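Everything below concerns the one structure shown next.
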Amino acid sequence: MKSLLLTCAALICSGALMAQKAPQLRADNIEDVLKAMTLEEKANLVVGVGMGGFSDKPVIGSTASIVPGAAGTTKPIPQLGIPAIVLADGPAGVRINTQRQFDHHYYYATHFPIGTSLSSTWNLQLVQQVGNAMGEEDRDYGVEVQLAPALGLMRNPLCGRNFEYYSEDPVLSGNIAAAYVKGVQDLGIGTSIKHFAFNNQETQRMGNDVHVSQRAARELYLKNFQICVEKAQPWTVMSSYNLVNGTMTSERRDLLTTILRDEWGFKGLVMTDWFGGMDPVRRGKKADRVANIIAGNDLIEPGTEQDSKEIVAAVNSGKLDIKYLDTCVRRVLELVVKTRRFVGYAYNNQPDLVKHAQVTRQAAAEGTVLLLNKHMLPLTNVKHVALYGNASYDLIAGGTGSGNVNRAYTISLVEGMRNAGCHVDETVINQYSPYLDEYYKKNPKPGPLDLRALVLPEEMELDVTPEQVAQNDVAIVTLSRVSGEGKDRTESHYNLTQKERDLLQKVCKAYHQAGKKVVVVLNVGGVMETASWKDLPDAILLPWQCGQEIGNSIADLLMGVSTPSGKLPMSWPIDINDDPSTKNFPAHTVGYDIDTFNRDASKDVNVKNVGYTNYEEDIYVGYRYYDTFKKPVSYPFGYGLSYTTFSYKDLKLTDKGNRILVNITITNTGNRAGKEVAEVYVSAPRGTVEKPEQELKAFAKTRILQPNEHETLTMEVKKADLASFVTSQSAWMVDAGIYTFKVGTSSRDIKESASLKVKAMKHKVHNVLAPQVKLNVLTQK
């Protein structure tokens, strides 16, 4: 017995000594910790943990109790001092559960404006301020990485995820994203720019194979990511689900390592999208985790127990060189030591939601675009208003899916107008209330983790009575659209329904006959058809889906508390078929149900625009197409009106060697205070390859200018950014010649221009991402 006790004591002491010898993670001993880890620990660390209820797939452990509702965490290894860190959605604010078990407190977060609304501000300082507010909520709720921003390019107006994205132009998109990233990361919170790359449709996004030229890839679909990485160094990048030119992005080392790290200098961690790496179209549900790791995916999110076993087996068999796994582990550890949780930060769960609501309200107003104003807005001497359209009573704050935010409230237009001192016609309210109540009883709205798109009720048929017209000063018609993760829009979603058209015509006719005016408010996440009806109302205001303060923000603009200064971040075509990408988009796949959650994906491998999509429009996306091919649009890229007017003068170009300074003086020539955006477009000389008519190269926004006040804006264009990508040489090339710099209020409204002679330049890069099929690309020839 005594011998047995001595043996047990020795084992206990030995265990204690071993525990003492195990290094505890610090910022300066990552290599020591890496050497001390077992193979199983390494495999577990690179396979993340999912939130409870997200999937029926088993995950390693459960850390859902740390921040309930967060998207996932990394795997903790307590014996080495490695905590789990929390990753949470999303682009419009932190998405977590509002309630916790045995806790009566509500954990609301602020729903900030959607990405399209933020980019419409063209204001980097404001976007950074919004990012800062988001970072504060991450910090207070214990989130270490915000899974945002989303900066896929708006290739086609019908992409269901466009509401999260920033622009059809990579310069605007990349710079807005960089401002967002800086704002969040200033708080010591990481970001994850997504989805890298070519996630430009939601239909079969987990298995769609993007066929794209190397030039279009470099100049458009990767350029915005490059700008964001080089200017802001996000802590993480999220690889996309789809394939590009025959291989899944999450398995492309040329994309995730050669381009991202070797060429752009990215220093952070790459993670998969949730359960990413699976290709349901071509190989069922199986993911190749060895290929993911070799490519440079440092973290599989959220992983399964089988993923870890596969990685261990691959190392033991020699299929996976341990050096690749060690590199991934090292990057996870580098991320962990940067976080507040690692240093024991005390999370208070009490963000300043009141302050952030004001940030939201300001950003929403500045991102609102005034599309039409026939001397109607702002409203003056208006006390009585009639609100028509379902959305006036149920405004949409943002898109559905991972871009949603569990907020405390959404201000309706009724509330907003009442808060602005207006009386809202009760007789119209009484027509809409029972109709909407009954609809949502039968059609409940999706829950916080439900990826189904919200289906909106049809516009009801109602009478616009003489009494309503007589007792109101103005009519407001709100039209809405909702979009979300997992499903693209259709042409019918783009166009007005017959009931919407009837409502608009009926209201305009009744009020115009009485000498009164009508304003249309577009509560939408993306582009819709306007050409056929935009002359009916007296004004059109486009606030997008600008977060929880939307009703107040709209009222501020209508009543003149704020002056519109938003500009369109994308072109608005006359007809959806005017866009050259539409013929290669799921909306034109006859007989295909684009609801990706109700279809056997394995049947789609050879379905055009579903199993694969040809980017035959090539570099001619958005205004690059419309301006080059002289195609009329309903509203051009960069367009937006104001309640005041501005003049442009004294355009000056200064050659600073490897960069060009663009100076322009903007004067407020109207009688109201306001802000203005200067957009710099450059037309290149004929050269090695054909080029668009012009491309945005820089932009800036003035401060608030009082009447007769002016400001001189200085913008910088690097000469290297004048380059086109020449595929035959795998190089960025600046052709020698005369470059014309044009400053305007949109791509179709140029105010000043000047020219500068530039010498030839060439920058060689890797020959990667070559298409495996021949593309019949659009050309000027």
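Note: hydrogens, waters and symmetry copies are ignored here, and every other heavy atom, side chains too, is used. Because the structure is predicted, anything quoted here is derived from the model rather than measured.
- By the 6.0 Å contact criterion, CD on E458 is open, its count of non-hydrogen atoms from other residues, nucleotides or ligands being 12 or less.
- Not less than 6.0 angstrom separates the ring centroid of Y620 from the ring centroid of Y625.
- Shortest non-hydrogen contact noted between L153 and N200 is O-ND2, 2.9 Å.
- Between F112 and W544, the distance separating the two ring centers is not shorter than 6.0 angstrom.
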Next on the checklist: Applying side chain to side chain contact (heavy atoms under 4.5 Å, CB included) to Y432 and M460, what does each step give before you reach the verdict?
Outcome noted: CA-CA 8 Å; Y432 279 97; M460 63 181 293; 3.7 Å; yes
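- Listed by first and then second residue, the side-chain hydrogen bond (donor to acceptor under 3.5 Å, both in side chains) pairs involving residues 551-563 are R361-D556, N419-N552, E549-N552 (not counting sequence neighbours).
- Under a cutoff of 6.0 Å and an axis angle of 45°, K534 and Y635 form a cation-pi pair.
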Next on the checklist: For a salt bridge (charged side-chain N to carboxylate O under 4.0 Å, His left out) check, start with the C-alpha distance between R205 and D273, then their side-chain angles and the critical distance, and finish with the verdict.
Outcome noted: CA-CA 11 Å; R205 63 189 286 242; D273 201 343; 3.4 Å; yes
Next on the checklist: Run the side chain to side chain donor-acceptor pair (under 3.5 Å) test on N472 and Q468 for me, step by step, so that the C-alpha distance in whole Å, both residues' side-chain angles and the decisive distance to 0.1 Å come before the verdict.
Outcome noted: CA-CA 6 Å; N472 289 296; Q468 290 172 5; over 6 Å; no
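- Of all the heavy atoms in S392 and Y388, the pair that sits closest is OG-O, 3.0 Å.
- S402 and E485 are linked by a side-chain donor-acceptor pair at a separation below 3.5 angstrom, with hydrogens and angles left out of the test.
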Item to check | Candidate pair R481 and E500, rule salt bridge (charged side-chain N to carboxylate O under 4.0 Å, His left out), full reasoning | outcome: CA-CA 12 Å; R481 293 288 185 275; E500 288 173 327; 2.7 Å; yes
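- For Q694 against S747, the heavy-atom pair with the smallest separation is NE2-O, 2.8 Å.
- Going from atom CG of N495 over to atom OG1 of T530 covers 10.5 Å, rounded to the nearest 0.5 Å.
- Ring centers of Y241 and H195: at least 6.0 Å apart, outside the cut-off.
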Next on the checklist: Between L541 and L522, is the side chain to side chain contact (heavy atoms under 4.5 Å, CB included) condition met? List the steps.
Outcome noted: CA-CA 6 Å; L541 194 69; L522 297 180; over 6 Å; no
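- Atom OH of Y681 sits about 4.0 Å away from atom CD of E679, to the nearest 0.5 Å.
- Classification of R624 and E693 as a salt-bridged pair fails, no side-chain N sitting under 4.0 Å from a carboxylate O.
- Nearest heavy-atom pair across V469 and K516 is O-NZ, 2.7 Å.
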Item to check | Criterion side chain to side chain contact (heavy atoms under 4.5 Å, CB included) on L568 and L371, from CA distance to verdict | outcome: CA-CA 9 Å; L568 292 177; L371 295 178; 4.1 Å; yes
Next on the checklist: Assess the residue pair H493 and D488 against the criterion (side chain to side chain contact (heavy atoms under 4.5 Å, CB included)); give the C-alpha distance rounded to whole Å, side-chain angles, the decisive distance to 0.1 Å, and a yes or no.
Outcome noted: CA-CA 10 Å; H493 196 267; D488 289 313; over 6 Å; no
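- A salt bridge does not link R418 with E415: none of the charged nitrogens is closer than 4.0 Å to a carboxylate oxygen.
- Ionic pairing of D437 and K442 is not present here: no N-O contact between side-chain nitrogen and carboxylate oxygen is shorter than 4.0 angstrom.
- Shortest non-hydrogen contact noted between N224 and S173 is ND2-OG, 3.2 Å.
- Here the side chain of E168 pairs a donor or acceptor atom with the backbone of S571 at under 3.5 angstrom.
- With hydrogens and angles ignored, the 3.5 Å screen pairs no side-chain donor or acceptor of N199 with any backbone N or O of S240.
- Between the side chain of N523 and the main chain of I396, a donor-acceptor pair closer than 3.5 Å is present.
- The aromatic rings of F198 and Y221 sit tilted, their planes meeting at an angle between 30° and 60°.
- The environment of NZ in K374 is crowded: more than 12 heavy-atom neighbours from other residues, nucleotides or ligands sit within 6.0 Å.
- For the 3.5 Å distance criterion, the side chains of T427 and D425 qualify, holding a donor opposite an acceptor.
- Here the side chain of E164 pairs no donor or acceptor atom with the backbone of R161 at under 3.5 angstrom.
- Of the charged side-chain nitrogens involved, none lies within less than 4.0 Å of a carboxylate oxygen, so that K517 and D538 do not count as a salt-bridged pair.
- Using a distance-only test at 3.5 Å, with no hydrogens or angles considered, no donor-acceptor pair links the side chain of Y494 to the main chain of R489.
- Remark: R155 is not positioned above the aromatic ring of F585, lacking an NZ or CZ atom under 6.0 angstrom from the ring centre and at most 45 degrees off the axis.
- Here the closest non-hydrogen pair linking D579 and S581 is OD1-OG, 2.6 Å.
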Next on the checklist: Set out, in order, the CA-CA distance, both residues' side-chain angles and the distance that settles ring pair (Phe, Tyr, Trp, His ring centres under 6.0 Å) for Y612 and H211, then state yes or no.
Outcome noted: CA-CA 7 Å; Y612 68 95; H211 298 163; 5.5 Å; yes
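- When atom types are taken as modelled, the side chain of S119 and the backbone of Y166 share a donor-acceptor pair closer than 3.5 angstrom.
- When each of K701, K567, K751 is paired with E676, the salt bridge (Lys or Arg N to Asp or Glu O under 4.0 Å) condition holds for K567 and for no other.
- Between the side chain of D578 and the main chain of P573, no donor-acceptor pair closer than 3.5 Å is present.
- Side-chain N or O atoms of S433 include none that pairs as donor or acceptor with a backbone N or O of N430 at under 3.5 Å.
- Between the side chain of E529 and the main chain of A531, a donor-acceptor pair closer than 3.5 Å is present.
- A 6.0 Å sphere centred on NZ of K383 holds no more than 12 heavy atoms belonging to other residues, nucleotides or ligands.
- Between the T613 side chain and the V210 main chain, no donor and acceptor come within less than 3.5 Å of each other.
- Surrounding CD of E426 are more than 12 heavy atoms belonging to other residues, nucleotides or ligands, all under 6.0 Å away.
- Atom CG of L557 sits about 8.5 Å away from atom CG of L370, to the nearest 0.5 Å.
- Residues K487 and E202 are not paired through a salt bridge, judged by the lack of any N-O separation under 4.0 Å between the basic side chain and the carboxylate.
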